[in-house]
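This is a predicted model, so every value here is computed, not measured. Position 1 is the first residue of the sequence, and the numbers go up from there.
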Amino acid sequence: MRVVHVWTPSPTSADGPPPGADALHRAARGVLDEAVRPYLARARAGTGVEPVLISSGVSRALIDEAARAQLLVLGARGRGGFDGLLLGSTGSQCVFYADSPVVIVRRSAQPRSPTDPSSGGPAGQ
């Protein structure tokens, strides 16, 4: 399993990378390391977890990764309210252009029951 974190660096100038670029790279690496830590501890023999940090445009990098994947799973920021009902631009681009199936996972603040009318489950249909 490849766990990919894509971050977009600030544009460079003729003078080189912008101030703070190293700190941003370290922060992105920290986000990735934290995300894979639980999976690395539980990985079974033969079930590797490969953390991959990419510095690029997010949508393009994920679409490129999808070309060699069986499934592309994206996390959604879940802005909530009406905006939360919409699919973000990265998710939309991946759904339309990725060569593999795409699943978008929203993180819920509270677990929802399939019988809870507010969750959109069977009781709410």
Side-chain angles (χ1 to χ4, degrees):
M1 173 173 68
R2 288 172 59 92
V3 178
V4 178
H5 178 63
V6 183
W7 69 289
T8 304
S10 300
T12 59
S13 68
D15 298 330
D22 289 339
L24 291 173
H25 184 267
R26 284 191 304 275
R29 171 56 66 185
V31 168
L32 177 60
D33 291 345
E34 187 64 29
V36 299
R37 184 171 291 124
Y39 302 101
L40 289 172
R42 295 187 305 209
R44 293 178 276 154
T47 313
V49 176
E50 179 186 358
V52 178
L53 181 62
I54 300 174
S55 172
S56 176
V58 177
S59 297
R60 177 80 264 155
L62 293 173
I63 291 166
D64 289 347
E65 285 291 319
R68 62 176 161 256
Q70 293 178 353
L71 177 67
L72 180 65
V73 180
L74 303 176
R77 291 189 183 188
R79 301 199 187 278
F82 180 74
D83 289 343
L85 298 174
L86 303 175
L87 186 59
S89 60
T90 298
S92 294
Q93 289 179 25
C94 289
V95 165
F96 289 117
Y97 298 109
D99 290 335
S100 65
V102 177
V103 174
I104 301 189
V105 180
R106 294 195 181 274
R107 182 176 179 181
S108 176
Q110 296 178 348
R112 293 184 177 180
S113 165
T115 57
D116 178 0
S118 67
S119 71
Q125 293 179 346

Any ion pair linking Arg26 and Asp22 (charged N to carboxylate O, less than 4.0 Å)? no
Heavy-atom donor-acceptor pair, Thr8 side chain to Gly57 backbone, under 3.5 Å: no
Tell me the closest heavy-atom pair linking Val6 and Ser56, and the distance in Å. CG1-O, 3.7 Å
Could you tell me whether Gln70 atom CD has more than 12 heavy atoms of other residues or ligands within 6.0 Å of it? no
Do Val36 and Met1 share a hydrophobic cluster, counting only Ile, Leu, Val, Met, Phe, Trp and Tyr and linking them when any side-chain heavy atoms are less than 4.5 Å apart? yes
Test side chain to side chain contact (heavy atoms under 4.5 Å, CB included) on Leu53 and His25 and set out the steps. CA-CA 9 Å; Leu53 181 62; His25 184 267; 3.5 Å; yes
Note: Ala98 and Leu72 closest approach over all heavy atoms is CB-CD2, 4.4 Å
Heavy-atom pair with the smallest gap, counting every atom of Cys94 and Ser59: SG-O, 4.5 Å
For residues Val95 and Ile104, determine if any side-chain heavy atom of one lies less than 4.5 Å from a side-chain heavy atom of the other. yes
Check Asp33 with Arg37, please: is the shortest side-chain N to carboxylate O separation under 4.0 Å? no
Taking C-beta and beyond as the side chain, do Tyr39 and Val3 meet within less than 4.5 Å on heavy atoms? no
Let's go through Ile54 and Val52 carefully: what are the C-alpha distance in whole Å and the side-chain angles of both, what is the deciding distance for side chain to side chain contact (heavy atoms under 4.5 Å, CB included) to 0.1 Å, and is it a yes or a no? CA-CA 6 Å; Ile54 300 174; Val52 178; 3.8 Å; yes
Going through the checks in order, is the side chain to side chain contact (heavy atoms under 4.5 Å, CB included) test met by Leu74 and Val105? CA-CA 6 Å; Leu74 303 176; Val105 180; over 6 Å; no
Within-4.5 Å side-chain heavy-atom neighbours: Leu71 and Ser100: no
Euclidean distance, Glu65 CD relative to Arg2 CZ, rounded to 0.5 Å: 4.0 Å
